[in-house]
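See below for the structure under consideration.
Side chains are part of it too, since the values below use all heavy atoms of this structure and drop only hydrogens, waters and symmetry mates. Numbering of residues begins at 1 and proceeds along the displayed sequence.
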Amino acid sequence: MPLNYSKWDQLELSDDSDIEGHPNVDKRSLIRWKQRSIHEQRETRKMKISAISAEISCNGVLAPRLHGIRTTLGGADGGLKYFQQLVERLQTDPSPEAPPTNAKDQPTYDAMVLSLLLQIWDGAKSLPADEQEAAILSGLDKHITQLSEHTKQMEKDLVVEEKEQRKHITSEDIHEGFESKYIPPKPAPAPVKNAKIDAPKKTTTTKTTEIEVLNPAASSSKAPSQSATLEFDEEAEELPELTPSLERFSRLPLWGYEQSFKFIQANPDVIIPGATDALLVAAFRAESADQSKYAKQCVHQSLLLQYCDKLGRDGVRLFFLKMTAGDQRAITIFVKDVEDTYSHLKTRAKVAAAESPNEEHKEQIQLVPENPSASISFNVPDGPPPEDLRLEGPETKDLDVEEVRQALQMRWDVFQGFPEDLKAALKIGTLEEVNKVLGSMEVSVAEDVVGKLDMAGIMSFVSGGIRDETGIDEDEDEKTGENAE
């Protein structure tokens with residue numbers, strides 16, 4: 001391959017012919033002075049290029065927001081009311097997102113939009129009420145056009161400055177061809193555990209015209225039903241599981257679009273195959289456990305990721321742009337989808353609970369008095385024994401204070417070692433509440449609990465016996481069959 005030396009054509013070298021000064025002046029000093037001057041010019045130009053690039057980048061964020069406001073304001077009924085609500089939101093609850101600069105007192109994007117809207121309002125508020133909305137629209141159009149023209153001019157200036165920068169080659173521009181280091185891209189985050197990933201389908205390229213909408217499913221003539229998003233086997237052993245990032249993502253508040261957007265920016269691994277299914281499974285389990293608030297949060301975050309995916313390659317930015325800009329039509333669609341999907345999931349959870357095996361057939365330990373006249377009561381300690389323990393009454397005459405202290409301490413320690421739901425049931429003091437907790441335990445665990453209740457003196461009964469009713473129905477059925485024979 002022939003070598004190309006054209007890049008050296010613009011190299012500026014200093015020689016004696018460039019030096020016309022006093023004969024007593026050191027020529028090397030003059031050369032260094034000229035090199036320093038060239039370096040300072042280059043640094044100044046670099047700062048100018050950086051400033052122009054930053055302004056173009058900032059305008060690239062502001063322009064879509066203004067277009068979104070203009071579109072919503074022009075297509076909504078009560079546009080003036082929407083405008084006033086938007087101004088109020090930007091004043092009371094602005095986003096801290098701002099251009100990434102080190103400038104002191106750098107205004108946020110919301111502050112810049114608010115400043116522009118207030119300028120427009122100052123020009124429209126003195127007009128009659130029926131003309132204010134049209135004046136606001138006109139003002140927005142004017143500023144959007146000016147912003148677009150200014151950005152185009154800045155882009156042209158950037159091209160000129162970069163071209164001028166390349167005219168002078170310095171040591172910063174010289175790189176050895178074989179010294180570049182290859183940095184491999186970060187691997188894509190792994191899908192959630194047990195996620196069902198569809199195999200890629202063979203597609204053919206056709207020229208079509210697509211209209212980008214917030215809810216593609218709603219605009220399709222063959223829109224999938226809500227049940228399609230909840231098609232998973234509740235009894236399956238291997239369901240999609242939340243990753244640590246998705247678990248934190250699922251805890252974000254409802255309708256907290258700013259928080260969700262920032263979380264996704266900081267944790268892009270939440271957008272992985274199977275994430276939406278894992279969130280729906282978590283929602284179903286939470287609803288089945290009567291954790292309705294968390295269940296709805298999971299549904300909200302699952303649909304949020306679905307919308308971002310359906311909106312295409314730039315779906316995350318587009319979705320949150322519509323939400324944070326206060327697009328009422330988009331917000332209404334999304335809120336309705338969340339409410340409907342959660343309602344459907346809630347119904348599914350109730351049906352699944354009704355269809356699950358009857359808990360009465362589960363082997364369990366229950367406390368039952370030996371006869372109807374007997375009763376079981378619970379003596380729950382209020383705390384550890386006091387330091388100045390005193391024994392009063394004739395029945396305590398033969399008791400040792402330290403032995404009593406040890407017994408009371410042991411009873412408190414046993415009580416403190418019980419699960420919270422059991423401690424709460426014991427404090428209520430009814431046999432029904434205690435049996436409810438015992439029935440939810442494994443038989444071996446419940447037997448251990450009963451033994452500790454008896455040993456610590458927390459449980460007392462008249463007849464001194466406890467009957468285990470595990471399998472009583474089956475025994476009675478067998479006896480009935482034998483008698484019939």
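Within a 6.0 Å sphere centred on CD of E432, other residues, nucleotides and ligands contribute 12 heavy atoms or fewer. Environment of NZ in K452: sparse, with no more than 12 heavy atoms of neighbouring residues, nucleotides or ligands closer than 6.0 Å.
Rounded to the nearest 0.5 Å, atoms CG (L305) and CZ (F319) are 9.0 Å apart. The line from CG of L438 to CG of L453 is 7.5 Å long, rounded to the nearest 0.5 Å. L90 CG to S95 OG: the interatomic distance, rounded to the nearest 0.5 Å, is 9.5 Å. If you take CD on E97 and CZ on F320, they are separated by 11.5 Å, rounding to the nearest 0.5 Å. In this structure, T71 OG1 and D327 CG are separated by 8.5 Å, a value rounded to the nearest 0.5 Å. In this structure, OG1 on T430 lies 8.0 Å from CZ on F378, to the nearest 0.5 angstrom.
Y342 places a side-chain heavy atom less than 4.5 Å from the side chain of E287. By the 4.5 Å heavy-atom criterion applied to side chains, T341 and L303 are counted as neighbours. At least one side-chain heavy atom of V445 sits under 4.5 Å from a side-chain heavy atom of E442. Taking the side chain as every heavy atom from C-beta outward, H344 and D340 never approach each other to under 4.5 Å. When side chains are defined from C-beta on, C298 does not count as touching F284, because their heavy atoms never get closer than 4.5 Å. In this structure the side chain of M112 reaches within 4.5 angstrom of the side chain of L62, judged on heavy atoms. Using a 4.5 Å heavy-atom cutoff, the side chains of P381 and Q416 are not in contact. With a 4.5 Å cut-off on side-chain heavy atoms, I458 and N379 do not count as touching.
Ring centroids of F263 and F249 are separated by less than 6.0 Å, placing the two rings close together. Centroid-to-centroid, the aromatic rings of H300 and F334 come within less than 6.0 Å.
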(request) Please step through side chain to side chain contact (heavy atoms under 4.5 Å, CB included) for the pair M441 and L422, ending with a clear verdict. (result) CA-CA 10 Å; M441 296 179 175; L422 178 60; 4.2 Å; yes
(request) Report the C-alpha distance between L367 and M459 in whole Å, list the side-chain angles of each, state the deciding distance to 0.1 Å, and finish with yes or no for side chain to side chain contact (heavy atoms under 4.5 Å, CB included). (result) CA-CA 10 Å; L367 300 176; M459 175 181 64; 3.8 Å; yes
(request) Go through the steps for V434 and I376 under the test side chain to side chain contact (heavy atoms under 4.5 Å, CB included), then give the verdict. (result) CA-CA 11 Å; V434 175; I376 298 176; over 6 Å; no
(message) Run the side chain to side chain contact (heavy atoms under 4.5 Å, CB included) test on I331 and W255 for me, step by step, so that the C-alpha distance in whole Å, both residues' side-chain angles and the decisive distance to 0.1 Å come before the verdict.
(response) CA-CA 9 Å; I331 291 174; W255 328 122; over 6 Å; no
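A distance-only check finds a donor-acceptor pair linking the side chain of S440 to the backbone of V437 [under 3.5 Å]. Side chain of H143 to backbone of L116: no donor-acceptor contact under 3.5 angstrom is found. A side-chain donor-acceptor contact under 3.5 Å links S260 to the backbone of G256. Listed for the T145 side chain is a donor-acceptor partner under 3.5 Å among the backbone atoms of D141.
Salt bridge annotation for R65-D110: present, with a cationic side-chain nitrogen under 4.0 angstrom from a carboxylate oxygen. Checked for salt-bridge contact, K423 and E420 meet the test: a charged N lies under 4.0 Å from a carboxylate O. Using a 4.0 Å cut-off between charged nitrogen and carboxylate oxygen, R251 and E247 count as a salt-bridge pair. A salt bridge is defined here as a Lys NZ or Arg NE, NH1 or NH2 lying under 4.0 Å from an Asp or Glu carboxylate O, and E339 with K296 meets this definition.
Shortest non-hydrogen contact noted between L117 and L86 is CD1-CD2, 4.0 Å. When all heavy atoms are compared, the tightest approach of L280 to L345 is O-CD1, 3.9 Å. Minimum interatomic distance between N435 and Q366 (heavy atoms only, all atoms of both residues): O-NE2, 2.8 Å. Considering all non-hydrogen atoms of both residues, A282 and L242 come closest at CB-CD1, 3.7 Å. Across every non-hydrogen atom of L254 and Q297, the tightest pair is CD2-CA, 3.8 Å. Of all heavy-atom pairs spanning A275 and V270, the tightest one is CB-O, 3.3 Å.
Between F415 and F418, the ring planes are perpendicular. Angles over 60° get that label, and only those under 30° would be called parallel. Between W121 and F83, the ring-plane angle classifies as tilted under the 30° and 60° cut-offs.
Of the N and O atoms on the side chains of Y294 and S250, at least one donor lies less than 3.5 Å from an acceptor on the other residue. When only modelled atom types and interatomic distance are considered, S302 and T276 share no side-chain donor-acceptor pair under 3.5 Å. A donor-acceptor contact under 3.5 angstrom links the side chains of Q409 and D413, judged on distance only.
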